[in-house]
Amino acid sequence: ILASILSLIIYWIIRDRYRVRNLNGKHVFITGCDTGLGNSLAKWLDKKGFCVIAACATEKGSQELRSCSSLSLKTVNLSLADSNSIARAVVFVTEQTAGKGLFGLVSNAEGTAPLGPTDWLRIEDFHSVLDVSLLGLIEITLKLLPLLKKAEGRVVNLINAKGLMAFVGGGYSLSKWGMEAFSDTLRREMQHFGVKVSIVEHGFFKAGEVNSDIIEKYLFKLWNRLTPEIRDSYGEKYL
C-alpha cells in the first residue's frame with residue numbers, strides 16, 4: 001500500500017511539472033476577453049508566446065486588449081447568442097490558423113442572469129443566459145472541433161463554481177450544470193482523436209454577480225413586473 005501511494009505521488013509530481021514546449025505557432029482561441037478572467041488569460045498566454053485569438057463582445061474591449069498586447073494577438077468580435085456572429089468568428093479562426101489546426105479553445109463568456117424566485121421569471125430570462133453560456137458555447141465548440149482534431153488540441157471550459165449551487169432560480173445554475181455534462185461527454189468522445197477536454201471550476205472574482213446592489217436592483221425589477229395576483233401571493237413581507 002505504501003509503495004502504491006509513493007508511486008502515485010511521484011506520478012503526480014512528474015505530471016504537474018510537465019509543460020507544453022515549442023509554443024510558437026500554437027493558436028489558442030479564448031471567448032469573453034473584454035474584461036475579467038478571459039482578458040487576463042489572453043494577456044498571460046500572449047506573453048508566454050502562444051498565438052492568441054481573443055473574442056470580445058465589444059470593439060472597445062478589442063481595442064483595449066490589443067493596446068497592451070503583442071502584435072501576434074488577434075481579436076474578433078463575437079456574440080455567442082448570434083449564430084451568424086459565431087460563424088464569422090469560426091471563419092476568422094480558420095484563416096488565422098492557416099491549416100495548422102487549433103491548439104486550444106477556452107470558453108469563458110457568460111450571459112446575463114436575472115436572479116430571483118423561479119415564479120418571478122419569464123422564459124426570456126432563461127434564454128438570456130442559456131443562449132450564451134450553454135447553447136452558444138456548444139455551438140462554437142462543435143464548429144471548431146475539426147480544427148481541434150487536426151491539431152490534437154484541447155478544450156478548456158471555465159465554470160464558475162457558484163453556479164453549481166442551485167440556491168436561486170434562473171438559468172445561471174442550469175447553464176453551469178449543462179456545461180459540466182457537455183464537457184464530460186465530449187471528453188470521452190474526443191479521446192479517440194487525441195483531443196483533451198478539461199473543466200476549470202473557479203471561485204469568486206470581483207464581478208457584478210456578487211454585488212448586492214445589482215442583485216437588489218434585479219429583484220425589484222422582477223417584482224415590479226409581476227402580475228398583481230403573483231405579488232399578492234408572496235406579499236411585501238416576502239420581498
Side-chain angles (χ1 to χ4, degrees), residues 15-59 61-80 85-110 132-134 136-160 179-180 182-184 186-187 189-191 193-202 205:
R15 185 174 182 269
D16 286 350
R17 297 175 98 179
Y18 176 75
R19 294 291 182 271
V20 176
R21 307 298 179 186
N22 301 319
L23 305 183
N24 186 36
K26 286 183 168 61
H27 290 80
V28 179
F29 179 55
I30 311 170
T31 66
C33 293
D34 292 81
T35 58
L37 190 57
N39 184 277
S40 299
L41 180 62
K43 294 175 183 175
W44 187 77
L45 291 179
D46 177 54
K47 290 179 181 179
K48 287 289 183 180
F50 286 97
C51 298
V52 176
I53 306 172
C56 298
T58 64
E59 184 58 35
S62 296
Q63 292 175 356
E64 291 179 350
L65 182 55
R66 288 196 303 268
S67 68
C68 57
S69 305
S70 73
L71 295 177
S72 66
L73 183 144
K74 307 297 181 183
T75 62
V76 60
N77 290 342
L78 173 65
S79 170
L80 286 174
S85 179
I86 290 174
R88 288 191 295 269
V90 170
V91 170
F92 183 81
V93 173
T94 303
E95 292 172 348
Q96 291 297 316
T97 54
K100 297 178 182 178
L102 185 61
F103 181 77
L105 166 62
V106 183
S107 293
N108 170 62
E110 293 189 342
V132 174
S133 297
L134 182 57
L137 174 144
I138 292 173
E139 183 174 356
I140 198 163
T141 302
L142 293 177
K143 290 185 176 180
L144 289 174
L145 280 181
L147 295 179
L148 289 161
K149 289 159 68 176
K150 187 169 188 176
E152 293 189 355
R154 62 267 299 126
V155 177
V156 181
N157 289 329
L158 305 182
I159 301 176
N160 196 318
M179 287 171 67
E180 293 265 350
F182 175 71
S183 302
D184 287 341
L186 189 66
R187 181 184 303 111
E189 295 169 345
M190 287 295 108
Q191 187 176 12
F193 300 98
V195 175
K196 298 179 177 65
V197 179
S198 301
I199 298 170
V200 177
E201 296 174 350
H202 60 81
F205 289 89

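Given the structure is predicted, the values throughout are model-derived calculations rather than measurements.
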> Judged by atom type as modelled, is there a donor-acceptor pair below 3.5 Å linking the side chain of Asp46 to the main-chain atoms of Ser70?
Replying inline: yes

> So, does Asn77 use its side chain to make a donor-acceptor pair with the main chain of Ala57 at under 3.5 Å?
Replying inline: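 Looks like no, no N/O pair under 3.5 Å.
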
>> Among residues at least two apart in sequence or on other chains, which ones pass salt bridge (Lys or Arg N to Asp or Glu O under 4.0 Å) with Arg66?
In response: Glu59

Spatial distance of atom [atom1] ([X]) from atom [atom2] ([Y]) [nearest 0.5 Å]:
{"X": "Ile138", "Y": "Leu134", "atom1": "CD1", "atom2": "CG", "result": "4.0 Å"}
{"X": "Cys56", "Y": "Glu64", "atom1": "SG", "atom2": "CD", "result": "9.0 Å"}
{"X": "Ile30", "Y": "Leu73", "atom1": "CD1", "atom2": "CG", "result": "8.0 Å"}
{"X": "Glu180", "Y": "Ile159", "atom1": "CD", "atom2": "CD1", "result": "4.0 Å"}
{"X": "Thr94", "Y": "Leu147", "atom1": "OG1", "atom2": "CG", "result": "4.5 Å"}
{"X": "Leu102", "Y": "Leu145", "atom1": "CG", "atom2": "CG", "result": "10.0 Å"}

Please name the pair of heavy atoms, one in [X] and one in [Y], separated by the smallest distance, quoted to 0.1 Å.
{"X": "Pro146", "Y": "Leu142", "answer": "CD-O, 3.8 Å"}
{"X": "Phe92", "Y": "Val76", "answer": "CD2-CB, 3.8 Å"}
{"X": "Ala54", "Y": "Ala42", "answer": "CB-CB, 4.3 Å"}
{"X": "Val195", "Y": "Lys149", "answer": "CG2-CA, 3.7 Å"}
{"X": "Lys143", "Y": "Ala87", "answer": "NZ-CB, 4.2 Å"}
{"X": "Thr141", "Y": "Ser107", "answer": "OG1-OG, 4.4 Å"}

>> Filter on side-chain hydrogen bond (donor to acceptor under 3.5 Å, both in side chains), then keep only pairs touching residues 24-37, sequence neighbours left out; what's left?
In response: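 Those involving residues 24-37 are Asp34-Thr58.
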
> Is Lys150 atom NZ crowded by more than 12 heavy atoms from other residues, nucleotides or ligands, each under 6.0 Å away?
Replying inline: no

>> Quick check on Gln191: does its CD atom have over 12 non-hydrogen neighbours (other residues, nucleotides or ligands) under 6.0 Å away?
In response: no

State, yes or no, whether a side-chain contact exists between [X] and [Y] at a heavy-atom distance under 4.5 Å.
{"X": "His202", "Y": "Asn160", "result": "yes"}
{"X": "Leu41", "Y": "Asn108", "result": "no"}
{"X": "Glu152", "Y": "Phe193", "result": "no"}

> Is there a side-chain contact (heavy atoms from CB on, under 4.5 Å) between Lys43 and Cys68 once you walk through the steps?
Replying inline: CA-CA 8 Å; Lys43 294 175 183 175; Cys68 57; 3.4 Å; yes

> Under the criterion side-chain contact (heavy atoms from CB on, under 4.5 Å), which of Val52, Thr97, Val90, Leu105 is the partner of Phe29?
Replying inline: Leu105

